[in-house]
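I have placed the structure first, in the form of C-alpha cells, so that the comments after it can refer back to it.
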Amino acid sequence: MTDKNDSLFLRAQKTTPGGVNSPVRAFRSVGGTPRFIKRAEGAYFWDAEDTRYIDYIGSWGPAIVGHAHPTVIKAVQDAAARGLSFGAPTEGEIEMAEEICKLVPSIEQVRLVSSGTEATMSALRLARGATKRDKIVKFEGCYHGHADSLLVKAGSGLLTFGNPTSAGVPEDFTKHTLVLDYNNSQQLEDAFVKYGHEIACVIVEPVAGNMNLIKASAEFLQTMRRLCTQYGSVLIFDEVMCGFRVALGGAQALYDIQPDITALGKVIGGGLPVAAFGGRADLMQHMAPIGKVYQAGTLSGNPVAVAAGLSTLKLIQEPGFHTKLAAQTEKLATGLVAAAQSAGVTFCADSIGGMFGLYFAKEVPSTFTQMMASDTAKFNRFFHHMLDAGVYLAPSAFEAGFVSAQHDDAIIAATIKAAEGAFALLTNE
Ligand code: KE4
C-alpha cells in the first residue's frame, strides 16, 4: 500500500527535481515509489502510510546507534535550546576535534565541514595546494561526493585521464583526474611510474561502499601507501562512510595503514550535518587562515550538529560496541546466504563491521567489473519483495547496507525470515 507515498511523490516532483533532494532516494534504479518517511526509532522507520520497516540504510551510515537514540536526542535538544548557530567558535568544536584526533591517530589536526562532499573537495584542494601538483588518482566505482574533479569516469584507454560523468562539468575540470581499477596494484604502480611526480594525491575508499560493499586488499592499500611516500603524493582515505563504522578507528585501523589525510562524515554527525577532513599537521598548516589553501563554511562545526555527533561518538566507544555490531552484521549476511542456498538462488553476501553487501553473483566481487557483472535485475526484484515484507534495503544494487546497535537478534531473524520468502518468490518468477 503506497497511496500516500504516491501522492507525496507526485506532489514533491512539482517543486523538486525528481521529487527528491538526493538522487538515490528516488528509487530510479529499483523502480517503484519511494517511501516518504514520517519518523524513525531504533532499527525501524515508518512511511506516510504508517507502514513500519526494518531500516538497513540508517541514513546511509549516520544512524549507527539507532534512530532517535534518547541520549543523542537530549544532546540535540539541550544544544538547540542554547541557540542554533553562531558563526563563531564554540567549545563543542574543540571537543569534537579532540575526539576525532584521539580516535583516529593519523589525524593531528582536523577541520569540520558540513558534508562529505565538502570534506573530500577540501582534502583534494589541500593536497594540490601543499604539493603544487595538479593530477589526482581515484578509482572506478568509488564515490567521494559531487565535487567537479571527482565526477569522472575512466578514460577510454588505460592510464588515460578521465572524462566527466556529469553534465555541467567542463573537461578542463577532469583532465587532471586519472581513474584506475580498484584493487589493481600493478596498474597503480604503472601510473606512478608514468606520472608519479605530477600526482598530488590518491583518494580511495579503503572499504568501498558505493559500488556495493567491496573491500580493498591489504596489498592494494600497502602499495598505495608505499607509492605515495616514494613520490611525495598525499594519500587520502575517504572514510566518510567506513569511518567509525567498520571499526572504532575506521578502515585505517583495520588495515593498519596511515593515510596523510582522512575525510570523515556520516557517523560524526549522528544524523546531523557534520563532516571533516584532517591529517598530518604539516599538511593542515596550509589551510586558511594560517595557510594559502582556502576553505570556509557558514555552518561548519554547527553547535547543534556537533552535539549530535559528539554524543554518537561517545556511545560507540562503549566497551564491545563494534564487536557486537560486526557480529550482528555477520549474522545477517550468513543468514541471508543460507536462505538463498535453501531456495537455490545464486547469491552471496559480505560484511565488515557494521556494513554489508548483497550480491546476486556466484562470489563476492573484489573489482568494479565483477560487481557490474552481478544480476542487478534480480536484486531489484529482491529489493521489492523485501520492501513488501517490511524490510527496507538500499534502493540500488550498487549501495552497501548498514546495521545499527539496535538491530538485535529478533530483528535479524525477522529479516532472514522475510528473505526466505523473497528468495522463494524469485525462484517462482
Ligand atoms: P555527502 O556529500 O553525501 O555528505 O558525502 C559524500 C560521500 C563522500 N564519500 C563517501 C565514501 C560517500 O559514501 C559519500 C556519500 N554516500 C552516499 C551513499 N552512497 C550518500 C547518499 C546520497 O548520495 O544520498
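Side-chain atoms are counted along with the backbone in the values below, which use heavy atoms only and exclude waters and symmetry mates. One is the number of the first residue; the rest follow in order along the sequence. First listed ligand is number 1; within each ligand, the first listed atom is number 1.
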With respect to Tyr392, which candidate in Phe402, Phe45, Tyr44 satisfies the ring-ring contact (aromatic ring centres under 6.0 Å, His included) definition? Phe45
Any nitrogen or oxygen of Ser22, main chain or side chain, under 3.5 Å from a nitrogen or oxygen of ligand 1? yes
Run Arg226 and Glu189 through salt bridge (charged side-chain N to carboxylate O under 4.0 Å, His left out) and show every step you take. CA-CA 10 Å; Arg226 170 173 55 81; Glu189 194 96 43; 2.8 Å; yes
Can you confirm, on distance only, whether ligand 1 has an N/O atom lying under 3.5 Å from any N/O atom belonging to Gly116? yes
ring-ring contact (aromatic ring centres under 6.0 Å, His included) with Phe27: of Phe9, Phe383, Phe36, only one passes, and it is Phe383
Return the closest protein heavy atom for atom 10 (C) of ligand 1 as residue, atom name and distance. Tyr143 O, 3.3 Å
Should you measure from each heavy atom of His144, which atoms of ligand 1 turn up under 4.0 Å away? 8 (C), 9 (N)
Return a yes/no value for Asn210: is any of its N or O atoms, backbone included, closer than 3.5 angstrom to an N or O of ligand 1? yes
Once rounded to the nearest 0.5 Å, what's the spacing between atom CG of Leu124 and atom CZ of Phe277? 10.5 Å
Considering only protein heavy atoms, which is closest to atom 7 (C) of ligand 1, and at what distance to one decimal place? Gly145 N, 3.8 Å
Nearest protein heavy atom with distance in Å, relative to atom 9 (N) of ligand 1: Asp238 OD2, 2.7 Å
Proximal ligand 1 atoms for Ser115, defined as those under 4.0 Å from one of its heavy atoms: 2 (O), 4 (O)
Give me the residue, atom name and distance of the protein heavy atom closest to atom 15 (C) of ligand 1. Lys266 NZ, 3.5 Å
Of the protein's non-hydrogen atoms, which lies at the shortest distance from atom 3 (O) of ligand 1, and what is that distance? Thr117 OG1, 4.6 Å
Side chain, backbone, both or neither: which part of Glu205 has a heavy atom under 4.0 Å from ligand 1? side chain
Count the heavy atoms of every other residue, nucleotide or ligand shown that sit under 6.0 Å from NE2 of His146, and state whether that count exceeds 12. no
Looking at Phe173, I want to see if its CZ is surrounded by more than 12 non-hydrogen atoms of other residues, nucleotides or ligands under 6.0 Å. no
Please list, chain by chain and in numerical order, all residues satisfying side-chain hydrogen bond (donor to acceptor under 3.5 Å, both in side chains) with His385, sequence neighbours excluded. Glu429
Interfacing atoms of ligand 1 (cut-off 4.0 Å, heavy-atom, Val24): 22 (C), 24 (O)
How many angstroms lie between atom CZ of Arg280 and atom NE2 of His286, to the nearest 0.5 angstrom? 8.5 Å
Are there more than 12 heavy atoms of other residues, nucleotides or ligands under 6.0 Å from atom NZ of Lys362? no
With a heavy-atom distance limit of 4.0 Å, tell me whether Glu399 approaches ligand 1 through its side chain, its backbone, both, or neither. side chain
